[in-house]
Amino acid sequence: MDAQLLAEIEACIQQKAMASFYRTDLPRDSFLVGVPLSVTQEALTICLFDRQGEDDGVVCFHADDIDMMQQRDAYTHRIAQLVSRTSHDSNICDATGGWMCDSIEAVLHRAMNMGCLVGVHSEVNAGDVTVHYGIVQQVDDETLMLETLNETGGRDACVLVDILSVTAVEHATKACRARSFLAERCAPEQGATPQGT
């Protein structure tokens, strides 16, 4: 991330302002909208909002994956207006403040300590990203062990992911909340379930 973009994001954090972030690994018409929580040369953490202006959790990804940020475009302005009508974005961001981590590894360690469900995005081949939803069991400098959940919330398998291949980690997004809800329904048969927050 270049110094100018870093400074712009830092100013956005100070103002708790909403912005659109374009990633190098996503198509140009696909971007993330939200309020940045923290940024370093290694990672950017964003409190996300969906197209209806509703809270969509938190995502942390490599800072180098960001190639542009917009604040005053029409789409971002419309989402900001929806958020102001449906919720208090500053309150949401304050509640997610514990996820202001300076690296993806730090986010994974926090998720492991909390026992909460996360979505781990990893690049298995050039441009081919896989998302695993589950509970972090172990993380070190080289490998992540994740107990995954299937689409119905049942325990699937333990997978090993190369730390260097992890491009993003999401928490409390709609996809995570859906898996967590389904996992709670499976609880009587499968024992303890992940916490949603």
Side-chain angles (χ1 to χ4, degrees), residues 1-27 30-50 55-71 76 89-90 92-124 126-146 160-176 197:
M1 177 182 295
D2 63 58
Q4 181 179 347
L5 181 55
L6 179 63
E8 290 175 356
I9 296 175
E10 288 174 340
C12 195
I13 292 172
Q14 292 293 326
Q15 300 164 9
K16 292 187 176 180
M18 188 167 297
S20 295
F21 297 87
Y22 293 82
R23 292 172 53 179
T24 57
D25 60 337
L26 294 177
S30 180
F31 49 90
L32 303 172
V33 178
V35 178
L37 298 176
S38 65
V39 64
T40 66
Q41 288 289 355
E42 291 187 24
L44 171 63
T45 305
I46 302 173
C47 178
L48 295 175
F49 295 94
D50 65 14
D55 171 32
D56 196 19
V58 175
V59 65
C60 176
F61 47 88
H62 291 299
D64 287 342
D65 289 341
I66 292 294
D67 64 348
M68 186 171 68
M69 179 185 79
Q70 289 186 332
Q71 284 185 269
T76 304
D89 59 331
S90 61
I92 291 173
C93 294
D94 288 342
T96 57
W99 293 91
M100 294 188 294
C101 300
D102 59 5
S103 68
I104 284 180
E105 290 82 359
V107 170
L108 291 170
H109 278 287
R110 177 173 174 79
M112 180 178 65
N113 293 335
M114 293 182 65
C116 58
L117 188 146
V118 293
V120 176
H121 301 235
S122 61
E123 188 172 3
V124 290
D128 186 10
V129 176
T130 298
V131 183
H132 295 289
Y133 292 95
I135 311 300
V136 178
Q137 301 296 314
Q138 183 178 339
V139 58
D140 57 37
D141 294 339
E142 297 181 355
T143 307
L144 161 69
M145 179 184 290
L146 190 73
L160 295 177
V161 180
D162 184 346
I163 282 291
L164 296 179
S165 73
V166 177
T167 60
V169 180
E170 60 180 273
H171 164 68
T173 58
K174 289 186 176 180
C176 287
T197 58

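- Side-chain contact between Val131 and His121: present, with at least one pair of heavy atoms (C-beta onward) separated by less than 4.5 Å.
- Side-chain contact check for Val139 versus His109: some heavy-atom pair is nearer than 4.5 Å.
- Summarising the geometry, atom NE2 belonging to His171 is positioned 11.5 Å from atom OG1 belonging to Thr45; distances are rounded to the nearest 0.5 Å.
- With a 4.5 Å cut-off on side-chain heavy atoms, Val58 and Val107 do not count as touching.
- In this structure the side chain of Phe61 reaches within 4.5 angstrom of the side chain of Leu44, judged on heavy atoms.
- Summarising the geometry of Ile163 relative to Leu144, their closest heavy-atom pair is CD1-CB, 4.0 Å, with the distance given to 0.1 Å.
- Heavy-atom minimum distance, Ala43 versus Ser103: CB-CA, 3.7 Å.
- Within a 6.0 Å sphere centred on CG of Asn113, other residues, nucleotides and ligands contribute more than 12 heavy atoms.
- The minimum heavy-atom distance between Ser122 and Val161, with the atom names listed, is CB-CG1, 3.8 Å.
- A distance of 12.0 Å separates CG in Leu146 from CD in Gln138, rounded to the nearest 0.5 Å.
- When every heavy atom of Ala63 is checked against every heavy atom of Gln41, the shortest pair comes out as CB-O, 3.6 Å.
- The main-chain N or O of Val118 is never found under 3.5 Å from a side-chain atom of His132 such that the two would form a donor-acceptor pair.
- Within the 4.5 Å cutoff, the side chain of Leu6 has heavy atoms near those of the Val39 side chain.
- Between Pro36 and Ile13 the shortest heavy-atom distance is O-CG1, 3.5 Å.
- Annotation: side chain of Leu108 is in contact with side chain of Val120 (closest heavy-atom distance under 4.5 Å).
- When each of Val59, Val35, Asp55, Val33 is paired with Leu48, the side-chain contact (heavy atoms from CB on, under 4.5 Å) condition holds for Val59 and for no other.
- Note that the CG atom of Leu32 and the SG atom of Cys47 stand 12.0 Å from one another [nearest 0.5 Å].
- Using a 4.5 Å cut-off on side-chain heavy atoms (C-beta onward), Gln70 and Tyr22 make contact.
- The nearest pair of heavy atoms linking Phe21 to Gly34 is CE1-O, 4.0 Å.
- In this structure, CE in Met145 is found 14.0 Å from CD1 in Ile135, a value given to the nearest 0.5 Å.
- In this structure, the separation between OG1 on Thr76 and CZ on Phe49 is 12.5 Å, given to the nearest 0.5 Å.
- Rounding to the nearest 0.5 Å places CD1 of Ile9 at 13.0 Å from CD of Gln14.
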